[in-house]
Amino acid sequence: MGIKSFVGKRTGQVSNSNQAFQVKDFMTRKLVTFNPDQGITTVMETLLKQRITGGPVVNEKKELVGIISDTDLMHVIGDSRYHNMPVGDRKVSDYMSKQVDTIEAEADIFEAATRFLKTGHRRFPVTENGKLIGQISRMDVIIAATKLKGEDWQK
C-alpha cells in the first residue's frame with residue numbers, strides 16, 4: 001500500500017517565499033546603546049531599568065564597536081572582588097566583547113534561528129555599511145514564527 005497524503009492536491013507550484021520573513025522586518029530599531037567610555041555602573045543601572053540583558057556599543061559615528069552583556073558584567077564583578085576594587089571606576093571598553101557576530105538585514109528568519117542555535121547568542125546586531133541599524137533577538141525570531149502559517153511556513 002502506498003503512502004497517502006492528507007494535505008490534499010496542491011494547486012499550482014509551491015513558491016519559496018520565506019524571504020518575506022527577513023530580519024529587517026522583525027528587528028528592533030530603537031535600541032538602548034552604550035559607548036566605550038561609559039561607566040560600568042551606569043550600564044548595570046540601565047540594564048536593570050530597561051529589563052534587558054545587554055546592548056550594542058557604538059562610537060560617536062554610530063559604528064558598532066562592541067557589545068556588552070550581563071555575562072561581561074559578571075566578569076567585572078568577579079574582577080572587582082578578586083582585586084578588592086570598586087566596580088564604579090570601570091569602563092565599557094574594558095569589558096565589552098569586541099568581536100561581534102552580526103547578521104544581515106536581508107537574512108531570513110530561518111537563517112537567524114540557525115545562527116542562534118549554533119552560537120548560543122541571545123542577540124545579533126544588524127549593521128549596514130558598518131553602522132548599527134537594529135538588533136534581532138531570539139524573541140524576535142519567535143514572534144516571526146508565530147506569524148507564519150502552520151501548514152506551509154510561508155505567508
Side-chain angles (χ1 to χ4, degrees), residues 14-83 85-150 152-155:
V14 176
S15 66
N16 186 1
S17 63
N18 290 340
Q19 277 304 107
F21 290 96
Q22 294 178 316
V23 166
K24 67 182 177 184
D25 298 324
F26 294 93
M27 70 183 187
T28 302
R29 294 178 188 272
K30 292 184 179 180
L31 299 175
V32 174
T33 61
F34 303 100
N35 68 64
D37 295 325
Q38 203 165 0
I40 288 293
T41 305
T42 304
V43 172
M44 289 179 177
E45 291 167 353
T46 302
L47 294 182
L48 290 171
K49 182 179 178 185
Q50 298 293 324
R51 301 180 61 85
I52 57 176
T53 59
V57 181
V58 294
N59 63 17
E60 61 280 345
K61 297 176 186 174
K62 300 294 182 200
E63 297 167 329
L64 182 68
V65 295
I67 198 161
I68 189 94
S69 70
D70 54 356
T71 302
D72 299 318
L73 298 177
M74 291 301 112
H75 290 289
V76 175
I77 294 166
D79 286 352
S80 293
R81 180 172 183 195
Y82 180 77
H83 296 293
M85 296 175 65
V87 173
D89 60 347
R90 310 294 171 85
K91 292 189 186 249
V92 169
S93 59
D94 296 331
Y95 288 92
M96 69 183 188
S97 300
K98 294 176 181 135
Q99 298 295 324
V100 182
D101 290 330
T102 61
I103 193 165
E104 298 293 321
E106 304 296 322
D108 68 43
I109 290 299
F110 300 103
E111 180 184 336
T114 300
R115 298 236 351 243
F116 280 121
L117 286 171
K118 285 183 180 177
T119 64
H121 295 327
R122 289 181 268 183
R123 68 192 68 78
F124 283 113
V126 182
T127 59
E128 191 173 87
N129 300 322
K131 296 197 188 292
L132 182 68
I133 61 168
Q135 179 173 275
I136 187 122
S137 70
R138 290 179 177 200
M139 195 56 65
D140 296 326
V141 173
I142 293 170
I143 289 167
T146 64
K147 297 189 183 313
L148 298 169
K149 290 184 180 176
D152 58 10
W153 284 81
Q154 296 179 7
K155 264 186 166 178

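Predicted, not measured: the structure shown is a model, and the values here were computed from it. Numbers for residues simply follow the sequence, beginning at 1.
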Measure from the side-chain N and O atoms of [X] to the backbone N and O of [Y], and report whether any donor-acceptor pair falls under 3.5 Å.
X      : Y      : value
Arg138 : Leu117 : no
Thr127 : Gly130 : no
Asn35  : Asp37  : yes
Lys91  : Pro36  : no

Audit row: Met44, Ile77, side chain to side chain contact (heavy atoms under 4.5 Å, CB included) steps and yes/no:
CA-CA 11 Å; Met44 289 179 177; Ile77 294 166; 3.9 Å; yes
Would you say [X] and [Y] make side-chain contact, with heavy atoms under 4.5 Å?
X      : Y      : answer
Phe26  : Val141 : no
Asp140 : Gln135 : no
Ile40  : Ile68  : yes
Val23  : Phe124 : no
Pro56  : Arg123 : no
Lys49  : Val32  : no

For atom CD of Glu104, decide whether the heavy atoms of other residues, nucleotides or ligands shown that lie under 6.0 angstrom number more than 12.
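Incorrect, the count does not exceed 12.
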Counting only heavy atoms not in Lys62, do more than 12 fall under 6.0 Å of its NZ?
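Counting other residues, nucleotides and ligands, NZ of Lys62 stays at 12 neighbours or fewer.
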Heavy-atom closest pair, residues Thr42 and Gln38
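That closest heavy-atom pairing would be CG2-NE2, 3.6 Å.
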Nearest atoms (heavy-atom pairs only) where Asp101 meets Pro125
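Scanning both residues, the minimum pair turns out to be O-CD, 3.3 Å.
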Less than 4.0 Å between a side-chain N and a carboxylate O, is that true for Asp70 and Arg122?
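The answer is yes: the pair qualifies as a salt bridge.
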Is it possible for you to check whether Arg90 lies under 6.0 Å from the centre of the six-membered ring of Tyr95, through NZ or CZ, and within 45° of that ring's axis?
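No, Arg90 does not sit over the ring of Tyr95.
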The test is side chain to side chain contact (heavy atoms under 4.5 Å, CB included); show your working for Ile133 and Met27 and say whether it passes.
CA-CA 9 Å; Ile133 61 168; Met27 70 183 187; 4.0 Å; yes
[atom1]-[atom2] distance between [X] and [Y], expressed to the nearest 0.5 angstrom:
X      : Y      : atom1 : atom2 : result
Ile136 : Gln22  : CD1   : CD    : 11.0 Å
Thr46  : Ile52  : OG1   : CD1   : 7.5 Å
Gln99  : Ile67  : CD    : CD1   : 12.5 Å
Asp94  : Asp72  : CG    : CG    : 11.5 Å
Thr41  : Leu73  : OG1   : CG    : 9.5 Å
Ile109 : Ile103 : CD1   : CD1   : 8.0 Å

